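This structure is a prediction, so every number in the text was calculated from the model and none was measured. Residues: numbered from 1 along the sequence shown.
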Amino acid sequence: MFYNYGIILMIMIFSLLSSIEIDFIKTRKYLFWKWSFYFCINLFLLSSVKYYLGYQKENLLESFWNAKFITLLHYSIPLIVVAVVLPILLKLLLRENYIKLICYFDSSLFFTFVFTFFFVRKFNNRAFCIAFMLAIIMVIVAIILGRMKSDCLIDFNKDAVKKKLKKILPILLYYLVTVVIFTPNELYLNNATDFPLSYGYFFTKLLLSGVVVVLALIAGMILYFNEEHLNLCLFFIFAFLTVGYIQGLLLNGNMGVLDGTGSNVYNKGTIIINIIVWFVLIGIFVFVAWRKRVFFEKLMRVVSIWILLIQIVTLGTIFITAKEITSKDEMVLLTEGMLDIGQKDNIIIFVLDKFDGTYVDEILEQDQNFFEPLNDFVFYNNAASLFSPTYDSIPFLLTGTTYDEDSHIDYVQYAYDGNNLLTDISDAGYDIGVYTDKRYVVEQMKDRISNYEEGVQRTCSMKDLFSLMKQCSMYKMAPFVAKYYYIYDTSDIALLAVNDKIVNIEDDLPFYHKLIREGLGLSENNTESVFRFIHMHGGHPPYIMTEDFQHIAYDYRRDEHWGSGVSQRKGAMKIVYEYINQMKKLGKYDDALIVITADHGITEELCDADGNMEKVSFPILFVKEPYDSHENMMISSTPVCHEDLIATIRKKIGISVADRTLKEIDADEKRVRCMYISTPDVLEKFEIDGEIDKVDNWRFLYKKRKELETTH
């Protein structure tokens with residue numbers, strides 16, 4: 001992290017070096033603008049290199065995620081050359097126009113930066129490079145048209161600042177209320193139950209972030225804009241805000257719940273008409289501003305203040321009638337104890353989400369030795385999950401409760417009733433840590449699970465909150481042709497609220513970083529046995545992690561499988577390897593039961609409309625039982641299932657069970673297993689007779705609609 005920010009510090013230092021030329025005394029008045037000029041050039045050089053290397057969707061800090069001292073040294077060499085050569089070259093070429101060009105370029109770049117900031121979802125290397133190139137084009141056009149005159153120098157006296165401020169404030173307050181305050185608060189107040197943040201926290205943090213952004217924009221406009229660029233920028237901000245307000249108020253039509261899911265599909269005729277309306281309205285603004293500039297400046301101030309007052313009054317009315325906006329403390333599963341290992345014995349279950357058994361072959365095609373760290377394990381390549389997808393599968397793996405197909409109660413609700421696997425483990429004296437999403441574990445287990453805690457309030461970063469809420473506003477205000485670019489859904493809002501102490505199954509990198517930073521440790525209680533159930537993102541899209549633990553900036557709404565699934569799955573397995581390696585160093589590996597499995601395999605449609613099987617789905621299952629030791633990983637084609645895993649765990653804790661364990665099933669046994677695909681409304685049942693990876697051994701039995709007394 002230090003070297004990450006060291007890149008920016010290095011750019012700042014070399015930019016200052018470039019700003020102090022031979023005739024510095026003569027140009028010292030413009031030191032700040034010269035420093036900004038060279039800073040942006042150096043930033044562009046590094047951003048373009050990172051863009052070329054594939055870091056288009058990350059900003060510069062993110063693209064130097066693994067920077068080391070040698071990284072700084074390598075990148076410092078070209079920066080030193082630029083710091084020395086570029087000022088000399090520009091002074092020789094431009095002579096008396098040197099300062100004019102610097103000021104005009106700074107103004108042009110801030111102009112393109114403002115519009116890039118307004119319209120892109122994330123300001124990254126690609127966005128900055130585009131803004132930089134557009135600024136160069138603006139400078140070239142200005143030179144050709146002879147607009148690079150003395151008035152391009154930044155006027156920074158008291159009267160000029162007051163004049164700028166008078167123009168800027170109404171427009172940016174208009175932006176603050178319309179984009180940052182009104183639409184996000186309207187969204188929250190009309191959908192309060194979908195927001196995990198309390199309203200007071202949400203509003204305060206959003207308002208604070210908006211004020212910070214507006215103050216930064218005001219400072220930038222005063223410091224960098226010449227009069228020409230300031231007037232042009234304010235005009236376009238006003239025009240897009242006003243037409244966007246009209247779009248959201250009158251032109252969107254009946255969009256249903258404004259959740260950004262893109263459920264509304266507009267035909268080409270509607271889109272074309274909408275585009276024409278936008279062009280006509282903005283054209284009217286251009287015409288009036290061109291013919292009556294002074295009048296239009298007054299009109300912008302009046303309209304801006306009028307609309308923002310309307311929105312404030314409307315928001316106040318919505319607030320008075322809103323419900324469920326009080327503080328939202330909740331029961332959560334914490335990361336506490338995630339790295340604790342029992343001094344007596346241990347049962348460690350890794351569940352790598354959606355890690356299909358066929359993915360093992362994909363990995364082996366790239367690296368035949370990848371699974372060598374699992375030499376003491378048995379790989380059951382013919383294992384079936386009872387459920388797919390996750391919602392019912394995780395509760396089954398935690399409880400082992402028999403599934404009642406005729407029950408009118410949601411499985412998750414009755415799975416934890418009475419005695420189950422977790423209560424058995426708890427009664428056997430194990431400290432239980434369950435690291436999954438809380439929706440898979442009912443609150444009645446809070447006294448059995450050590451990391452289950454109530455009264456925890458979720459928080460969020462100011463940057464992420466502002467970014468997502470701006471996107472929500474832009475979705476509402478954008479013309480139909482651009483709405484898909486700003487699309488969002490309720491999961492974005494749910495994932496917005498995080499807490500470092502709360503389990504996150506959407507990204508394995510926090511777990512990896514915690515494991516590397518803190519390391520496994522023995523519990524303080526020397527008589528304690530430990531059960532750990534660690535649910536990981538694993539093989540589930542979006543693929544946001546590489547096998548070398550690089551985070552990939554990713555937008556899953558537009559391309560679910562962007563990134564490399566194989567690379568992410570290898571990365572997830574390497575995290576497990578690291579955990580196991582640390583267990584060995586603690587001397588608590590040999591006597592442990594360690595399981596690496598998946599909640600289910602692939603979740604695509606397995607059969608066609610007529611019930612003919614087309615695909616198969618089955619999870620990975622690697623098991624190391626206590627004191628098992630092999631030179632190489634053993635591969636077993638025994639027809640097993642997750643029910644057998646439950647029996648194995650029960651036997652490990654000393655419970656006599658009627659069901660057979662994994663080792664007690666004959667490898668050649670003819671055994672029919674079943675799998676359910678269980679969604680909130682529909683239940684499908686499949687039968688597997690033989691090797692699970694062959695389509696011919698699968699049979700579709702039925703599909704029926706659930707009739708639940710309570711739905712999830």
Side-chain angles (χ1 to χ4, degrees), residues 349-360 362 380-405 407 410-415 436-437 439-441 505-506 533 535-542 560-561 565 569 572 595-609 611-622 639-646 671-695 697-706 708 711-712:
I349 313 294
F350 294 99
V351 179
L352 278 57
D353 207 303
K354 203 178 180 180
F355 205 124
D356 194 272
T358 58
Y359 296 155
V360 172
E362 292 182 6
Y380 293 93
N381 63 5
N382 190 15
S385 64
L386 183 62
F387 287 107
S388 178
T390 306
Y391 188 80
D392 288 336
S393 187
I394 292 296
F396 174 76
L397 288 170
L398 287 169
T399 66
T401 300
T402 302
Y403 183 59
D404 182 358
E405 297 179 32
S407 174
D410 183 23
Y411 174 72
V412 179
Q413 293 181 41
Y414 77 78
T436 184
D437 193 280
R439 63 187 170 210
Y440 307 131
V441 185
I505 63 170
E506 306 298 332
F533 184 94
H535 183 184
M536 298 170 60
H537 191 60
H540 201 294
E560 185 185 27
H561 298 281
R569 290 186 280 271
V595 177
I596 308 166
T597 188
D599 47 352
H600 55 82
I602 62 170
T603 53
E604 287 82 353
E605 291 288 339
L606 301 185
C607 60
D608 61 22
N612 299 311
M613 295 300 304
E614 296 180 332
K615 297 179 181 178
V616 300
S617 173
F618 60 102
I620 57 167
L621 180 58
F622 299 88
V640 298
C641 55
H642 275 161
E643 292 98 314
D644 309 324
L645 174 60
I646 301 296
R671 194 178 187 209
V672 177
R673 294 158 289 167
C674 71
M675 187 189 81
Y676 298 96
I677 294 181
S678 177
T679 66
D681 301 315
V682 176
L683 179 71
E684 294 180 273
K685 186 175 182 180
F686 297 85
E687 187 178 82
I688 308 112
D689 184 3
E691 295 178 8
I692 200 166
D693 60 344
K694 292 180 171 53
V695 175
N697 294 335
W698 283 67
R699 188 162 67 95
F700 172 72
L701 297 181
Y702 64 77
K703 180 176 183 178
K704 68 178 182 179
R705 186 169 184 81
K706 291 181 179 178
L708 301 178
T711 59
H712 53 269

Any sub-3.5 Å donor-acceptor pair from [X]'s side-chain atoms to [Y]'s backbone N or O?
X: Asn697; Y: Ile688; answer: no
X: Ser385; Y: His600; answer: no
X: Arg673; Y: Gly690; answer: yes
X: Tyr411; Y: Ser678; answer: no
X: Lys704; Y: Lys685; answer: no
X: Asp356; Y: Pro619; answer: no

If you compare all heavy atoms of [X] against all heavy atoms of [Y], which two are closest, and at what distance to 0.1 Å?
X: Leu397; Y: Ile646; value: O-CD1, 3.5 Å
X: Leu352; Y: Ala572; value: CD2-CB, 4.0 Å
X: Asn382; Y: Pro639; value: ND2-CA, 3.5 Å
X: Lys694; Y: Trp698; value: O-CD1, 3.3 Å

Counting C-beta onward and ignoring hydrogens, is there a side-chain heavy-atom pair between [X] and [Y] closer than 4.5 Å?
X: Tyr414; Y: Asp404; result: yes
X: Cys607; Y: Glu614; result: no
X: Leu386; Y: Cys641; result: no
X: Phe686; Y: Ser617; result: no
X: Asp392; Y: Val412; result: yes
X: Asn381; Y: Val360; result: no
X: Phe618; Y: Thr358; result: yes

> For Lys615, what residues pass the side chain to side chain contact (heavy atoms under 4.5 Å, CB included) criterion, not counting sequence neighbours?
Replying inline: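 Per chain and number, Lys615 pairs via side chain to side chain contact (heavy atoms under 4.5 Å, CB included) with Ile602, Glu604, Leu606.
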> Out of curiosity, Leu683 CG to Phe387 CZ, how far, rounded to the nearest 0.5 Å?
Replying inline: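 Between Leu683 CG and Phe387 CZ, I get 8.0 Å after rounding to 0.5 Å.
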> With under 30° as parallel and over 60° as perpendicular, where do the rings of His535 and Tyr440 fit, or are they tilted in between?
Replying inline: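 Judged by the thresholds at 30° and 60°, the geometry between His535 and Tyr440 is tilted.
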>> Students often mix this up, so state it plainly: with edges at 30° and 60°, are the rings of His537 and His540 parallel, tilted or perpendicular?
In response: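 Plane angle between 30° and 60°, so tilted.
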>> Can you confirm whether or not the ring centre of Tyr403 sits under 6.0 Å from the ring centre of Phe396?
In response: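 No, ring centres 6.0 Å or more apart.
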